[in-house]
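Inspection log for the structure reproduced underneath, given as structure tokens.
The figures that follow rest on heavy atoms only: side chains count, while hydrogens, waters and symmetry mates do not. In this chain, numbering begins with 1 at the start of the sequence shown.
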Amino acid sequence: MLLFPGDRLRKAALCLAPPLVLSFALASCTTSRPPPPDKPAPPPAVEAPKPVPLEQLPGFAADSLDDLRTALAQQCVMNRPPAGWPAMCASLPATVTNPVQLRDWLTGRFVARELTDTDNAAGLVTGYYEPLLTGSLVKERPGQVPLRGRPGDLLTIDLADVEPRLKGMRLRGRVIGQRVVPYYSREEMTREEVAGGSARTAGAEKAGPRAAPVLAWADNPVDAFFLEIQGSGRVQLRDGSLMRIGYADQNGHPYRAIGKTLLDRGALRREDVTAPAIRQWLQDNPAAAPEVMHTNPSLVFFRQLPPLADSTLGPPGALGVPLTPLRSIAVDRQHIPLGSLVFLQTTHPVSGEPLNRLMVAQDTGGAIRGVKRADVFWGFGPQAAQPAGLMKAPARMWVLEPR
């Protein structure tokens with residue numbers, strides 16, 4: 001006996017029926033099917049932009065290329081420079097006393113291909129910097145907040161070990177019994193610290209939610225919150241010494257911009273949602289500020305960095321080399337390989353003048369997602385804070401490719 005699923009079973013019953021029934025159901029016994037509806041024509045393929053000589057990039061001739069060789073030298077001294085760079089590094093002029101020499105090296109070895117993005121045709125460039133905080137190694141008064149190191153109970157699962165197509169994706173959590181559960185959110189960590197009445201010295205550890213060692217105690221909670229957004233910074237301690245700290249890990253919760261929270265609540269107008277305006281609102285509303293900051297469940301953990309011989313260089317980025325102000329950018333490594341040269345055509349956030357510069361992709365960021373998306377590193381201290389906080393502009397971007 002043959003079995004037929006669904007409609008095919010009902011059709012078979014009719015086709016096997018006596019002639020009288022068959023006369024009423026003859027049309028159902030045909031094995032032909034009506035032609036399928038015409039499928040819509042696929043959209044025409046978008047041809048990728050053709051590479052062009054660097055001399056044709058708008059504004060390239062006006063770029064002084066100052067400090068570019070410094071940024072390139074940082075990745076050339078790596079034990080394993082990015083793919084394709086060992087040969088490039090071998091040919092990089094050892095000393096550049098004349099920018100013409102570096103320009104000739106670039107134009108002779110690279111062409112540029114413009115990036116296109118159907119999801120973000122205009123592109124977006126923002127800025128970040130290395131802030132200066134004040135603090136202490138011991139909690140001295142109420143209101144200070146901890147700058148946490150990586151917790152001992154934070155579990156990280158690299159999904160590429162399970163599925164290679166998930167390269168670069170990780171899950172973070174903690175173990176309860178035989179289950180892996182999400183790690184504590186920002187609010188949960190803060191609530192547990194308050195409940196524990198933690199007044200520890202830096203470096204002390206406790207079990208559970210307070211398993212994160214405290215590297216230092218920041219005097220200003222708003223400064224500490226923005227330190228997480230920047231990813232690294234320096235802490236001026238009471239004895240006058242500087243502690244450099246950088247990104248170590250994250251609690252696994254998604255990053256949610258509190259600027260959108262303030263916008264949704266009517267606290268800020270859309271045109272006013274900038275880092276300086278958000279910072280000012282938090283400072284002016286200390287009672288409401290903690291709850292607003294808790295709407296971002298993501299929490300960054302830090303590590304202490306060794307001091308740099310050259311204080312003008314920034315902290316190490318995702319590539320593992322010190323960042324160079326106005327030459328290093330953060331990108332989405334899913335679309336732009338780290339170590340790539342990227343030419344930006346955008347606008348200076350303070351002067352409004354054109355900002356056309358050749359950059360090096362040496363960092364990543366949790367909010368830096370997409371093809372035409374970059375975050376410019378502006379340097380250290382208050383002089384870098386204003387342009388970094390105000391920068392939010394469309395941009396054209398080109399990635400340089402070897403000839």
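Atom CD of Gln101 sits about 9.5 Å away from atom CG of Leu92, to the nearest 0.5 Å. Once rounded to the nearest 0.5 Å, the distance linking CG of Leu323 with CD1 of Ile329 reads 11.0 Å. Summarising the geometry, atom CE belonging to Met359 is positioned 9.0 Å from atom CZ belonging to Phe343; distances are rounded to the nearest 0.5 Å. Distance check, rounded to the nearest 0.5 Å: OH of Tyr247 to CD of Glu228 gives 10.5 Å. Rounding to the nearest 0.5 angstrom, the gap separating the OG atom in Ser136 from the CG atom in Leu237 is 8.0 Å. A distance of 6.0 Å separates CG of Leu65 from CG of Leu68, quoted to the nearest 0.5 Å.
Ion pairing between Arg148 and Asp249 fails under the 4.0 Å rule for side-chain N and carboxylate O.
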Would you list the atom pairs, donor with acceptor, under 3.5 Å between side chains in residues 173-180 and any protein atom, with sequence neighbours excluded?
{"from": "Arg174", "atom 1": "NE", "to": "Pro182", "atom 2": "O", "distance (Å)": "3.4"}
{"from": "Arg174", "atom 1": "NH1", "to": "Tyr184", "atom 2": "OH", "distance (Å)": "3.1"}

Side chains of residues 379-386: which donor-acceptor pairs under 3.5 Å do they make with residues two or more places apart or in other chains?
{"from": "Gln383", "atom 1": "NE2", "to": "Phe380", "atom 2": "O", "distance (Å)": "2.7"}

Are Arg373 and Thr126 close enough, and set up right, to give a side-chain contact (heavy atoms from CB on, under 4.5 Å), and what steps lead you there?
CA-CA 8 Å; Arg373 182 73 173 90; Thr126 51; 3.0 Å; yes
May I have the step-by-step check of side-chain contact (heavy atoms from CB on, under 4.5 Å) for Val321 and Val77, ending in yes or no?
CA-CA 9 Å; Val321 301; Val77 298; 6.0 Å; no
Hey, mind stepping through Thr190 and Val145 against side-chain contact (heavy atoms from CB on, under 4.5 Å) and telling me if it holds?
CA-CA 9 Å; Thr190 303; Val145 294; over 6 Å; no
For Ser298 and Asn296, run side-chain hydrogen bond (donor to acceptor under 3.5 Å, both in side chains): C-alpha distance rounded to whole Å, both residues' side-chain angles, the deciding distance at 0.1 Å, then the answer.
CA-CA 6 Å; Ser298 174; Asn296 174 25; 4.6 Å; no
List the steps and the verdict of side-chain contact (heavy atoms from CB on, under 4.5 Å) for Val125 and Met391.
CA-CA 7 Å; Val125 175; Met391 190 167 201; 3.5 Å; yes
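Taking each heavy atom of Gly149 and Ala212 in turn, the nearest pair found is O-CB, 3.5 Å. In terms of heavy-atom proximity, Gln250 sits nearest to Arg172 at O-CD, 2.6 Å. Smallest separation of non-hydrogen atoms from Val371 and Met397: O-CE, 4.2 Å. Minimum heavy-atom separation, Ser328 to Gln362: OG-OE1, 2.6 Å. For the residue pair Val360 and Gly339, the shortest heavy atom distance occurs at CG1-O, 4.0 Å. The two residues Gln236 and Gly240 have their closest heavy-atom pair at NE2-O, 2.7 Å.
Under the side-chain contact (heavy atoms from CB on, under 4.5 Å) test applied with Arg333, the options Thr364, Leu319, Ile368 reduce to a single match, Thr364. Here the rule is side-chain contact (heavy atoms from CB on, under 4.5 Å) with Leu344, and of Val376, Asn356, Leu355 only Val376 fits it.
In terms of modelled atom types and a separation under 3.5 Å, the side chain of Lys372 and the main chain of Ala121 share a donor-acceptor contact. The closest donor-acceptor contact from the side chain of Asp363 to the backbone of Ala318 lies under 3.5 Å. Within the 3.5 Å criterion, the main-chain N or O of Pro53 finds no donor-acceptor partner in the side chain of Gln56. Between the side chain of Arg113 and the backbone N or O of Pro49 there is at least one donor-acceptor pair closer than 3.5 Å. Arg327 contributes no side-chain N or O that, together with a main-chain N or O of Arg357, makes up a donor-acceptor pair within less than 3.5 Å. In this structure, Asp63 contributes its side chain and Leu358 its backbone to a donor-acceptor pair below 3.5 Å. Not one N or O on the side chain of Arg150 forms a donor-acceptor pair closer than 3.5 Å with the backbone of Phe302. Between the Gln74 side chain and the Thr324 main chain, no donor and acceptor come within less than 3.5 Å of each other.
Side-chain contact between Trp85 and Leu72 is present, with heavy atoms from C-beta onward closer than 4.5 Å. Side-chain contact between Gln230 and Val300 is absent, with no heavy atoms from C-beta onward closer than 4.5 Å. Considering only heavy atoms from C-beta on, Leu338 stays 4.5 Å or farther from Gln75 through its side chain. The shortest side-chain heavy-atom distance between Pro349 and Pro387 falls under the 4.5 Å cut-off. In this structure, the side chains of Ile278 and Phe226 come closer than 4.5 Å at one or more pairs of heavy atoms. Between Arg256 and Thr261 the shortest side-chain heavy-atom distance does not fall below 4.5 Å. No side-chain heavy atom of Asp223 sits less than 4.5 Å from a side-chain heavy atom of Thr134. For the pair Arg186/His253, no side-chain contact is recorded, criterion being any heavy-atom separation below 4.5 Å from C-beta on.
Within a 6.0 Å radius of CZ in Arg141, other residues, nucleotides and ligands contribute more than 12 heavy atoms. Annotation: Arg165, atom CZ; neighbour count of heavy atoms from other residues, nucleotides and ligands within 6.0 Å does not exceed 12.
In this model, no donor atom of one side chain and acceptor atom of the other lie less than 3.5 Å apart for Ser311 and Arg234. Arg109 and Ser91 share a donor-acceptor pair across their side chains, judged by distance under 3.5 Å alone.
Identified under the ring pair (Phe, Tyr, Trp, His ring centres under 6.0 Å) test for residues 254-301, with sequence neighbours left out: none. Counting only residues at least two apart or on different chains, the ring pair (Phe, Tyr, Trp, His ring centres under 6.0 Å) pairs with a member in residues 118-166 are Tyr128-Phe377.
Scanning for ring pair (Phe, Tyr, Trp, His ring centres under 6.0 Å) contacts around His335 gives an empty result, with sequence neighbours left out. Taking Phe110 as the reference, Trp105 meet the ring pair (Phe, Tyr, Trp, His ring centres under 6.0 Å) condition, with sequence neighbours excluded.
Remark: Arg279 fails to qualify as a cation-pi partner of Phe225 under the 6.0 Å distance and 45° angle criteria applied to the six-membered ring.
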